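In this text the structure is predicted, and so the values were computed from the model without any measurement. Chain naming here is simple, since letters A, B, ... match the order of the sequence lines and numbering starts at 1 in each. What you see below is based on every heavy atom in this structure, not just the backbone, and it leaves out hydrogens, waters and symmetry mates.
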Amino acid sequence: MEILTQDFYNRDTLTVARDLLGRHIVRRVQGRELICRISETEAYIGRSDKACHAYGYKRTKRSETLFAAPGTAYIYLIYGMYDCLNFVTEPEGEPAAVLIRCAEPVSDADVFSQIRFSCNFDEMTAYQRKNFMNGPGKLCRALCLSRGQNGLSLFGDELLVTQGKPAKAENVKTGKRIGIDYADEATDFLWRFTLSENA
DNA sequence: TTCAGGATGTACT
DNA sequence: GTACATCCTGAAC
């Protein structure tokens, strides 16, 4: 189980977003170890992207984490109820990150389903199965992450990313990002990456 | 199976 | 006061 180093994150954000597909997130909490495989990401780059919280290098209390060292977790509250997990990229001082939108369980799936729906994996309804971890808010719930973990290093024990099973280039699809209609021309940037082998 | 609408609180203007 | 990188419920088909 090889942990991705800071060099991995200290690169162009679009490259990192693409390269994160298929990697494994390891989350250790309350004596449990949760492992899942990343299947959908989006890039957010402050210097050119109106959808990014730090657009134009704007520093606020919230966006501060985006300026941190590569390999930092940026977790923020959205719509009053849900948390979104991002990994900070590029050199310290460059506000950019990759949003993790979707993943699938690798370790014991019952642990995930217990956290999310308080039942075993094979007891979930078809609806729950379809909506298991296919969105940033759901993913954070399943991994027990909230903005209390904002600023966490990805090189500690609680949260890290390993080599996993990297996606092949032909299985990566690009598309427009979700939920950023307000962002003018940035709305059309093809900065969303999905594993096409994934339903 | 799809759809509309409500929940909810923080950051920022 | 407004907008927000969303999700869930319940009703209609």
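Counting to the nearest Å, the P atom of dC4(C) and the CG atom of Asp184(A) are 11 Å from each other. The interatomic distance linking Arg62(A) (CZ) with dT13(B) (C1') rounds to 13 Å, in whole Å. The distance from atom CZ of Arg147(A) to atom P of dT8(B) is 14 Å, rounded to the nearest whole Å. Look at NZ on Lys130(A): it is 11 Å from P on dC3(B), rounded to the nearest Å. Spacing between atom CG of Asp83(A) and atom P of dT10(B) amounts to 11 Å, rounded to whole angstrom units. Rounded to whole angstrom, the span from the NZ atom of Lys61(A) across to the P atom of dT13(B) amounts to 15 Å. Between the OH atom of Tyr44(A) and the C1' atom of dC4(C) there is a distance of 12 Å, rounded to whole Å.
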* Asked: How would DNA chain B look in dot-bracket form, 5' to 3', counting Watson-Crick and G-U wobble pairs with both distances under 3.5 Å and writing | for bases paired to another strand?
  -> |||||||.||||.

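Gln163(A) meets the side chain to side chain donor-acceptor pair (under 3.5 Å) test with no other residue; sequence neighbours excluded. Looking at residues two or more places apart in sequence or on another chain, you find a side-chain contact (heavy atoms from CB on, under 4.5 Å) between Ala167(A) and Leu21(A), Val172(A), Leu195(A). Remark: Pro136(A) engages Cys84(A), Leu99(A), Arg101(A) in a side-chain contact (heavy atoms from CB on, under 4.5 Å) (not counting sequence neighbours). Listed by chain and residue number, Arg59(A) satisfy the side-chain contact (heavy atoms from CB on, under 4.5 Å) test with Glu64(A) (two or more places apart in sequence, or in another chain). Listed by chain and number, the residues in a salt bridge (Lys or Arg N to Asp or Glu O under 4.0 Å) with Arg62(A) amount to none (sequence neighbours excluded). A search for side chain to side chain donor-acceptor pair (under 3.5 Å) contacts involving Gln30(A) returns Arg32(A), not counting sequence neighbours.
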* Using a 4.0 Å heavy-atom cut-off, write out nucleotides 6-13 of chain C from 5' to 3' as B (base contacted by protein), S (sugar-phosphate only) or - (no contact). => BBSB----

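Within the 4.0 angstrom heavy-atom criterion, no nucleotide atom of any strand lies near Arg177(A). Within the nucleic acid shown, Lys176(A) has no heavy atom closer than 4.0 Å to any nucleic acid atom.
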Name each donor-acceptor pair under 3.5 Å that joins a side chain in residues 137-147 of chain A to protein atoms two or more places apart or in another chain, with its distance.
unit_1: Lys138(A); atom_1: NZ; unit_2: Asn131(A); atom_2: OD1; d: 3.2
unit_1: Lys138(A); atom_1: NZ; unit_2: Asn134(A); atom_2: OD1; d: 2.9

Review item, side-chain donor-acceptor pairs of residues 70-79 of chain A, under 3.5 Å, at least two apart:
unit_1: Thr72(A); atom_1: OG1; unit_2: Ala69(A); atom_2: O; d: 2.7
unit_1: Tyr74(A); atom_1: OH; unit_2: His53(A); atom_2: ND1; d: 2.8

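Put simply, Ile178(A) and Leu85(A) are part of two different groups of oily side chains (I, L, V, M, F, W, Y) that touch within less than 4.5 Å, one to the next.
Residue pairs that meet the ring pair (Phe, Tyr, Trp, His ring centres under 6.0 Å) test with at least one member in residues 96-124 of chain A, sequence neighbours left out, are Phe121(A)-Phe132(A).
Against DNA chain C, the stretch residues 48-55 of chain A makes heavy-atom approaches under 4.0 Å through Ala51(A), His53(A).
Open room surrounds CG on Asp157(A); 12 or fewer heavy atoms of other groups in view lie less than 6.0 Å from it.
Tyr182(A) does not qualify as a stacking partner of the dA3(C) base, lacking a centre-to-centre distance under 5.5 Å together with planes within 30°.
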